[in-house]
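Numbered from 1 within each chain, the chains take letters A, B, ... in sequence-line order. FYI, side chains are in, hydrogens and waters are out, and symmetry mates aren't considered; it's all heavy atoms of this structure.
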2 protein chains.
Amino acid sequence: MPAATALVFRPATRADLPAVLALLADEERVVDPAGVEVTEAYERAFAAIEADPRNEMLVLVNGDDDGEGGTGTVVGCLQATYIPGLGKGGAERALIEAVRIRADRRDGGLGRALMEHAVSRARARGCALVQLTTDRSRADAHRFYTALGFARSHEGFKMAL
Amino acid sequence: MPAATALVFRPATRADLPAVLALLADEERVVDPAGVEVTEAYERAFAAIEADPRNEMLVLVNGDDDGEGGTGTVVGCLQATYIPGLGKGGAERALIEAVRIRADRRDGGLGRALMEHAVSRARARGCALVQLTTDRSRADAHRFYTALGFARSHEGFKMAL
């Protein structure tokens with residue numbers, strides 16, 4: 001796993017927002033954060049995540065260049081939502097969304113490290129379960145989550161409004 | 001759809017908690033709320049849902065006997081979580097969990113009415129998407145959600161902690 005010693009996992013700051021939006025737009029090639037338009041709607045959504053004690057956007061940053069207020073190069077992200085509920089003896093469950101590793105940094109173990117970090121945060125918080133969904137066509141993602149210890153136990157349904 | 005005129009949809013109150021826990025324990029037969037143990041952990045979890053502006057436990061109640069503070073007979077429930085995010089132009093998405101209709105009231109359209117109510121609340125709130133997962137073995141549930149307009153587009157992964 002290259003560069004494992006220099007990795008930093010931390011909640012995103014406002015300064016990371018263009019880089020996170022670039023990651024979310026990055027399907028197959030690296031998107032330059034400088035070219036991303038940070039709309040007011042994205043500003044509001046990020047502020048909502050940051051202010052909510054049950055939501056966090058975690059980023060994976062090159063530790064070498066990370067400083068106060070978030071100055072490092074963001075190479076991965078995911079969002080965790082901690083959901084209170086009446087199943088599982090009243091414990092929270094963690095929902096993971098928006099998992100991304102920058103296109104030029106894939107296949108080096110960063111995704112695994114980021115997910116393991118998220119799972120250990122959920123465990124430390126007392127969550128009884130971690131859950132996520134992936135597109136049905138993403139066979140590579142299915143292998144990835146299965147290897148991490150997830151069971152493909154459910155069908156995921158979505159409806160656009 | 002029998003008794004459609006007498007249905008009330010509302011957020012659960014503390015008085016509904018035993019009935020909601022009974023519904024969640026009800027797989028194939030009606031569970032008497034009077035026999036449900038409301039542990040401190042369930043009290044805390046319910047208080048967390050009630051206090052969180054992005055979570056709500058919705059109940060479907062016989063309107064005939066519903067009064068101030070929640071005195072009606074609860075025959076259905078679901079939990080909605082509204083998740084802020086950086087996809088979908090910064091719009092929230094709604095996650096639906098814990099959908100239950102009391103065993104002796106199934107197959108009469110109540111589940112459909114409850115889900116349609118939840119979807120219209122999500123739409124009114126400005127959510128871009130409604131999502132949920134069901135156990136892979138529940139073919140009846142898959143038909144139910146498909147008929148409501150959901151696409152079975154994702155695989156659902158879970159890991160117990």
Side-chain angles (χ1 to χ4, degrees), chain A residues 17 20-21 24 39-49 52 54-55 57 77 79 81 83-95 97-98 119 122-123 126-136 138 141-142 145-146 148-161, chain B residues 17 20-21 24 39-49 52 54-55 57 77 79 81 83-95 97-98 119 122-123 126-136 138 141-142 145-146 148-161:
Chain A
L17 180 53
V20 171
L21 291 170
L24 296 177
T39 64
E40 258 184 67
Y42 286 132
E43 296 271 12
R44 275 196 304 272
F46 183 76
I49 294 169
D52 189 330
R54 291 200 179 89
N55 273 279
M57 179 64 71
C77 69
Q79 182 176 351
T81 304
I83 303 173
L86 298 174
K88 313 277 172 198
E92 283 183 337
R93 58 177 66 200
L95 173 73
E97 301 258 5
V119 168
R123 186 178 283 120
C127 291
L129 189 82
V130 181
Q131 64 186 59
L132 58 91
T133 65
T134 68
D135 194 278
R136 277 166 78 97
R138 297 274 321 279
H142 306 161
Y145 291 115
T146 303
L148 277 166
F150 284 83
R152 189 170 158 182
S153 54
H154 284 65
E155 301 279 355
F157 289 81
K158 308 218 176 189
M159 180 172 16
L161 298 184
Chain B
L17 180 53
V20 171
L21 291 171
L24 295 177
T39 63
E40 257 185 68
Y42 286 131
E43 296 271 13
R44 273 197 304 273
F46 184 76
I49 294 168
D52 189 331
R54 291 201 179 90
N55 272 280
M57 179 63 72
C77 68
Q79 182 175 350
T81 304
I83 303 173
L86 298 174
K88 313 279 171 196
E92 284 182 338
R93 57 177 67 200
L95 173 72
E97 301 258 5
V119 168
R123 186 179 283 120
C127 291
L129 188 83
V130 181
Q131 64 187 58
L132 57 90
T133 65
T134 68
D135 194 278
R136 276 167 79 98
R138 297 274 320 278
H142 306 161
Y145 291 115
T146 303
L148 276 167
F150 284 83
R152 187 171 158 182
S153 54
H154 284 65
E155 301 278 355
F157 289 80
K158 308 219 175 188
M159 180 173 16
L161 298 183

Student: In Å and rounded to the nearest 0.5 Å, what is the OG1 to CZ distance from B:Thr81 to A:Arg93?
Tutor: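 B:Thr81 atom OG1 to A:Arg93 atom CZ measures 9.0 Å (nearest 0.5 Å).
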Student: Rounded to the nearest 0.5 Å, what's the gap from CE on A:Met57 to CG on A:Asp52? Could you check?
Tutor: 12.5 Å
Student: Using non-hydrogen atoms and a 4.5 Å limit, figure out which bit of B:Leu148 sits close to chain A: side chain, backbone, both or neither.
Tutor: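 Just its backbone gets close to chain A.
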Student: Where do A:Phe157 and B:His142 come nearest, in terms of heavy atoms and distance?
Tutor: CZ-CA, 3.6 Å
Student: Counting only heavy atoms closer than 4.5 Å, note whether B:Arg123 contacts chain A via side chain, backbone, both or neither.
Tutor: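 Answer is both: backbone and side chain atoms of B:Arg123 are under 4.5 Å from chain A.
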Student: Relative to chain A, which segment of B:Leu132 carries a heavy atom at a distance below 4.5 Å: side chain, backbone, both, or neither?
Tutor: both
Student: Rounded to the nearest 0.5 Å, how far does CG of B:Leu95 lie from CG of A:Leu95?
Tutor: 6.0 Å
Student: Does any heavy atom of chain A fall under 4.5 Å from the side chain of B:Val20, the backbone, both, or neither of them?
Tutor: side chain
Student: For the candidates B:Ala45, B:Gly87, B:Pro84, B:Ala94, which exhibits the highest count of non-hydrogen atom pairs separated by less than 4.5 Å from chain A?
Tutor: B:Pro84
Student: Which bit of A:Leu21 is near chain B, if near means a heavy-atom gap under 4.5 Å: side chain, backbone, both or neither?
Tutor: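 For A:Leu21, the contact with chain B is made by the side chain alone.
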Student: Non-hydrogen atoms of chain A under 4.5 Å away: do they reach the side chain of B:Glu43, the backbone, both or neither?
Tutor: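 For B:Glu43, there is no contact with chain A at all, as no heavy atom is under 4.5 Å.
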Student: Which residues pass the salt bridge (charged side-chain N to carboxylate O under 4.0 Å, His left out) test with B:Glu92, not counting sequence neighbours?
Tutor: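 By the salt bridge (charged side-chain N to carboxylate O under 4.0 Å, His left out) rule, B:Glu92 matches B:Arg54, B:Arg125.
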Student: Using heavy-atom distances under 4.5 Å, tell me whether A:Ile49 contacts chain B through its side chain, its backbone, both, or neither.
Tutor: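 Both parts, heavy atoms under 4.5 Å.
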Student: Does the side chain of B:Leu86 come within less than 4.5 Å of A:Leu17's, by heavy atoms?
Tutor: yes
Student: Mind ranking B:Gly149, B:Ala128, B:Ala41, B:Ala160 by heavy-atom pairs under 4.5 Å with chain A and telling me who comes out on top?
Tutor: B:Ala128
Student: Can you tell which of B:Gly126, B:Ala91, B:Gly89, B:Ala141 has the highest number of heavy-atom pairs within less than 4.5 Å of chain A?
Tutor: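 Ranked by heavy-atom pairs under 4.5 Å with chain A, first place is B:Gly89.
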Student: Quick check on B:Gln79 against chain A: is it the side chain, the backbone, both or neither that has a heavy atom closer than 4.5 Å?
Tutor: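 Just its side chain gets close to chain A.
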Student: Please look at A:Ala98 and chain B and tell me whether the side chain, the backbone, both or neither of the residue comes under 4.5 angstrom of a heavy atom of that chain.
Tutor: neither
Student: Report which part of A:Glu40 has an atom under 4.5 Å of a heavy atom belonging to chain B: side chain, backbone, both, or neither.
Tutor: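 When you check distances to chain B, no heavy atom of A:Glu40 falls under 4.5 Å.
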Student: Give, for atom CZ of B:Phe150 and atom CD of A:Glu155, the distance between the pair rounded to the nearest 0.5 Å.
Tutor: 14.5 Å
Student: Does any heavy atom of chain A fall under 4.5 Å from the side chain of B:Thr39, the backbone, both, or neither of them?
Tutor: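 It is neither, since no heavy atom gets under 4.5 Å.
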Student: Can you list the residues that meet the side-chain contact (heavy atoms from CB on, under 4.5 Å) rule with A:His154, with sequence neighbours excluded?
Tutor: B:Thr133, B:Asp135, B:Lys158
Student: Given a strict heavy-atom distance threshold of 4.5 Å, which part of A:Ala122 is in contact with chain B: side chain, backbone, both, or neither?
Tutor: both
Student: Taking the side chain as every heavy atom from C-beta outward, state whether B:Arg152 and A:Arg136 have any atom pair closer than 4.5 Å.
Tutor: yes
Student: Against chain B, label A:Arg44 side chain, backbone, both or neither, depending on which of its atoms sit under 4.5 Å from a heavy atom there.
Tutor: neither
Student: Any chance you could measure B:Lys88, atom NZ, to A:Leu24, atom CG, to the nearest 0.5 Å?
Tutor: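 It comes to 12.0 Å.
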